[in-house]
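See below for the structure under consideration.
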Amino acid sequence: MVLKRYNDVRAFYNDVFDVLMRHEAQNLIPLGNAIIGYEGKDKTGWRDPANWFMATVSDDAGVLLTALMTPPHNLTLYETNNQHDSAVIDCLIEGLSDFKADITVNGVMSENTLAESFARAYAAAKNVGYAVNKRQRIYELLEVNPDIAYVGSLRQAQESDMAFLPYWATGFTNDCNGTSLPILAEADYYRYLLSTGKLYILEDGGVPVSMARLHREIRTVCGIGGVYTPPFFRGRGYATSGVAALSRLALGRGFTKCVLYTDLANPTSNSIYQKIGYKPICDSLEIKFS
């Protein structure tokens, strides 16, 4: 069993892409990130692969585990075919110790069993503490429920939305992470969101009431995230309408599936997405090390 670390994102992509595609929806994040690095079109912020940690654990039969970390984000892991083997995790952790000068793992996010196993072994090896930060569920959708009652209309975000976008984006982050971050004064991040052309606003009577965005477009799967409705507009069906409309848009572009993550601590969002037609495929944990 051998750990291989990659400095060339294209070599990493070539070795792991087909492996990750075996569970395409489950691996939306590492697949999407590997594509970003391979294409090299966008190196904004964390997207520059020069700063990534990329590794595999393999034996004579092929890749057993894929590891990808795009600092400052968590380490993402996938055991091929979801076949768990503690020896594979031990091999990865032993290798991480060899790279301790330039690798800091602040957290891990993956399928439940793998995340827990890695966190337990890593904490013991490094003599650190760990705790579950978020329990998530991954959903996929093949067809939007035809009985959804739509409210408002969906449009692509535009420059004039900068009047409220910083507040909404910060509100989304605070809601997801339980924080109270201040509004960032710099406009670069928000204009970056606009420049991608993947951010959408739901309007009702000409008033912006909710948002969502497309991300990590793979071969047949498109991710949906960043779903946010300001507190004043909640409870009126706007998130349901916005996500349903954006899901239909993605499917209309040729994707066969839409995928999104939910926080299991938020029963409202889980109920909304299932109403639209999303089905659970996997539970995921985000674990932080102290």
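Reckoned from all heavy atoms, side chains included, excluding hydrogens, waters and symmetry mates.
Nearest heavy-atom pair, Arg10 versus Asp8, reported as atom, atom and distance to 0.1 Å: N-OD1, 2.9 Å. Across all their heavy atoms, Thr240 and Ile276 have their closest contact at O-CD1, 3.6 Å. Among all heavy-atom pairs drawn from Met69 and His73, the shortest one is CG-O, 3.4 Å. For the pair Tyr78 and Thr80, the tightest heavy-atom approach, listed with the atom from each and the gap, is CE2-CA, 3.6 Å. Here the shortest heavy-atom pairing between Ala55 and Tyr6 reads CA-CD1, 4.0 Å. Closest heavy-atom contact between Val19 and Thr66: CG1-OG1, 4.5 Å.
Atom CD in Glu39 sits 7.5 Å away from atom OH in Tyr13 (nearest 0.5 Å). Rounded to the nearest 0.5 angstrom, Tyr228 OH and Tyr167 OH are separated by 12.5 Å. Atom CE of Met21 and atom CZ of Arg219 lie 4.5 Å apart (nearest 0.5 Å). Taking CD1 of Ile201 as the start and OG of Ser210 as the end, the distance is 8.0 Å to the nearest 0.5 Å.
A donor-acceptor pair shorter than 3.5 Å cannot be found between the side chains of Tyr190 and Asp161. Remark: the Arg216 side chain and the Asn33 side chain contain an N/O donor-acceptor pair separated by less than 3.5 Å.
Judged by distance alone, the side chain of Arg234 and the main-chain N or O of Thr229 form a donor-acceptor pair under 3.5 Å. Proximity of a side-chain donor or acceptor of Thr196 to a complementary backbone N or O of Leu193 within less than 3.5 Å is detected.
Between Asp204 and Arg236, no side-chain nitrogen of the basic residue sits less than 4.0 Å from a carboxylate oxygen of the acidic one, so the salt-bridge criterion is not met. Taking the charged nitrogens against the carboxylate oxygens, Lys198 and Asp42 have no contact shorter than 4.0 Å, which rules out a salt bridge.
Ring geometry, Phe289 versus Tyr122: the interplanar angle falls from 30° to 60°, so the pair is classed tilted.
For Lys275, the NZ atom sits in a loose shell: 12 or fewer heavy atoms of surrounding residues, nucleotides or ligands are nearer than 6.0 Å.
Leu64 pairs in a side chain to side chain contact (heavy atoms under 4.5 Å, CB included) with only one of the listed residues (Asp59, Val2, Thr56), which is Asp59.
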